[in-house]
There are 2 protein chains.
Amino acid sequence: MDDLFDDLDRSSPVPLYFQVARQIEQAIEGGKLPPGSRLENEITLADRLGLSRPTMRRAIQQLVDKGLLVRKRGVGTQVVHGQVTRPVELTSLHDDLAAHGQRPSTQVLLHEVVPAPGEVAASLAVAEGSPVLHLRRLRCSGDEPLAVLENWLPEQFTDLTEASLGERGMYQLLRSRGVGMRVARQRIGARRGTTEECRLLQENRGSPLLTMERTTHDDSGRAVEWGRHVYRASRYAFEVTLVDR
Amino acid sequence: MDDLFDDLDRSSPVPLYFQVARQIEQAIEGGKLPPGSRLENEITLADRLGLSRPTMRRAIQQLVDKGLLVRKRGVGTQVVHGQVTRPVELTSLHDDLAAHGQRPSTQVLLHEVVPAPGEVAASLAVAEGSPVLHLRRLRCSGDEPLAVLENWLPEQFTDLTEASLGERGMYQLLRSRGVGMRVARQRIGARRGTTEECRLLQENRGSPLLTMERTTHDDSGRAVEWGRHVYRASRYAFEVTLVDR
DNA sequence: TACGTCTATTTGTCATGACATATCCTTGAC
DNA sequence: GTCAAGGATATGTCATGACAAATAGACGTA
């Protein structure tokens, strides 16, 4: 019980609360903290690690937000029962696939700069008619088609090349240009696929598809991207963790 | 700019950071803080309200988590562009509908206590074969059917009556019994509806439906409920806000 | 003009200390 | 034996103080 933690690196740029959170998370994944088990109280833990209580609290809170821990006032902190799943985070489909050991590939179906139509302009909060980059891509995992991704990006990104989009995910490209994406609002629904969508995705005509509409904002609050995606319902699902605070 | 805030009530049981967060939120909704506008720096704000900086930070952070604000080190805090939507929270469909002024109603299709099948037992983290309450309900909004809700609850809730479930939402019932729900993991997908589902939902045969599988845990980390729901894709969608921290 | 440097501003991280409050368990009274 | 009161324990809230680091703008130099 006592050797749950390795030493902390106070010279590292990685914040202390983050180092601690990761160690607790690993302890949970590794079975050292089985589901339902109780953590020591935060004051003792902080003491043992030579940390202040706020720092310790922040580490624990981070895992509560991830849905791994549950706290109850006057009682303590416990590990949540049940299998640990991976929640959706602010990543792209491309990154998700790569992280799961898949081999993502992309085929650019459409790549054009057009004047922003009304709906697009409203979602991106740019002037109607201002130049935007309109993309339509087919995303595959291995040999299997997985999703049709349609996106619009504001003027500052109209120089993204078709070739670069074929190789690296859109989020990766944006990040490498120094864009700090912070918030995304998604709307997840379902509908029958169009004939063309089903053809692209190698599904039978009229198959049910999972739809996702998303606006992503950067660290200045400006819209960076608006997208309408359709996924093969037979191969894809969204996972979400909700926490009440 | 200066009269953004009402006075704070230090005797109220509502935490100060929460009172502040709500006031900022109202200022955003009311247009006093338009999209893209910058907040004063947190030290000044804290001073003006007679608060400490950590408390002010916590208020702001709460709104960042909700996707309303965006912060950037060395720069400041800004209001996110774009329409403000309501993210899904840890509420039931019943509560959601009621909050939107709809008139939710429920028809209990099935209400039985059965020995937990393997899959259910695993999701609820109870012994296989232990008694569980198995529910199947049709949820309507006004006159329109909206979803078929199938749920399993562990032994301690097997005494929930069919009548009570017809009147109040399941989450409401659980809360009134002192259950503090804290974490839920959802998996959102899509598929074609079965013949019976489509009949219940008054959809054409084979219509696409939005599916949701969910496990809810209470503040002790124990599973409280496992559910498999199907929603009419033509009338329902999930909204999710993701924040990168 | 163009470029790099310095500085002011702002958020990020961390420590210490205090009191409030929910919960559980023990103890004691009836 | 049952119920109520009280204490122990843990998390929740809040204040104060300090330093680190990223950013943007001003300034000076080539």
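If you're wondering where the values come from, they're calculated on a predicted model, not measured in any experiment. In what follows, chains carry the letters A, B, and so on, assigned in the order in which the sequence lines appear, proteins first and then strands, with residues in each chain numbered from 1.
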- Between A/Pro54 and A/Thr77, which has a closest nucleotide on DNA chain D that is more 5'? A/Thr77

Side-chain N or O of [X] versus OP1/OP2 of [N]: is the shortest distance under 4.0 Å?
X       : N      : result
A/Thr55 : C/dT13 : no
A/Arg10 : C/dA15 : yes
A/Arg57 : C/dC14 : no
A/Arg71 : D/dA10 : no

Considering only [options], which nucleotide approaches the side chain of [X] most closely?
X       : options                : answer
A/Leu16 : C/dT23, D/dT11, C/dA15 : C/dA15
A/Ser52 : C/dC14, D/dA10, C/dT11 : C/dC14
A/Arg73 : C/dC24, C/dC14, D/dG12 : D/dG12

How many whole angstroms separate atom [atom1] of [X] from atom [atom2] of [N]?
X        : N      : atom1 : atom2 : value
B/Asn41  : D/dT23 : CG    : P     : 18 Å
A/Tyr17  : C/dA15 : OH    : C1'   : 16 Å
B/Ile43  : C/dA8  : CD1   : C1'   : 13 Å
B/Glu40  : C/dT10 : CD    : C1'   : 13 Å
B/Arg58  : D/dC14 : CZ    : C1'   : 10 Å
A/Asp47  : C/dT16 : CG    : C1'   : 12 Å
B/Leu8   : D/dC14 : CG    : P     : 10 Å
B/Asp218 : C/dT23 : CG    : C1'   : 14 Å

- In plain terms, say whether B/Glu119 and B/Arg228 are close enough for a salt bridge, that is, a side-chain N and a carboxylate O under 4.0 Å apart. yes

- Message: Taking the basic N atoms (NZ, or NE/NH1/NH2) and the acidic carboxylate oxygens, is any pair closer than 4.0 Å for A/Arg177 and A/Asp159?
- Response: yes

- So, does the side chain of B/Arg53 form a donor-acceptor pair with the base of C/dG12 at under 3.5 Å? yes

- Closest-nucleotide ordering on DNA chain C, the 5'-leading residue of A/Lys72 and B/Leu39: B/Leu39

- Just checking, any donor-acceptor pair under 3.5 angstrom between side chains of B/His134 and B/Asn151? no

- Message: Restricting to non-hydrogen atoms, name the atom on B/Ala121 and the atom on B/Glu128 that form the minimum distance, rounded to 0.1 Å.
- Response: CB-CA, 3.6 Å

- Remember a base hit wins even if backbone is also touched, and classify A/Gly50 as base, sugar-phosphate or nothing at under 4.0 Å, heavy atoms. sugar-phosphate

- Task: Determine the contact category for B/Pro15: base if any of its heavy atoms lies under 4.0 Å from a base atom, sugar-phosphate if only primed atoms, P, OP1 or OP2 are that close, otherwise nothing.
- Result: sugar-phosphate

- Can you tell me how far the CZ atom of A/Arg10 sits from the CG atom of A/Leu16, to the nearest 0.5 Å? 5.0 Å

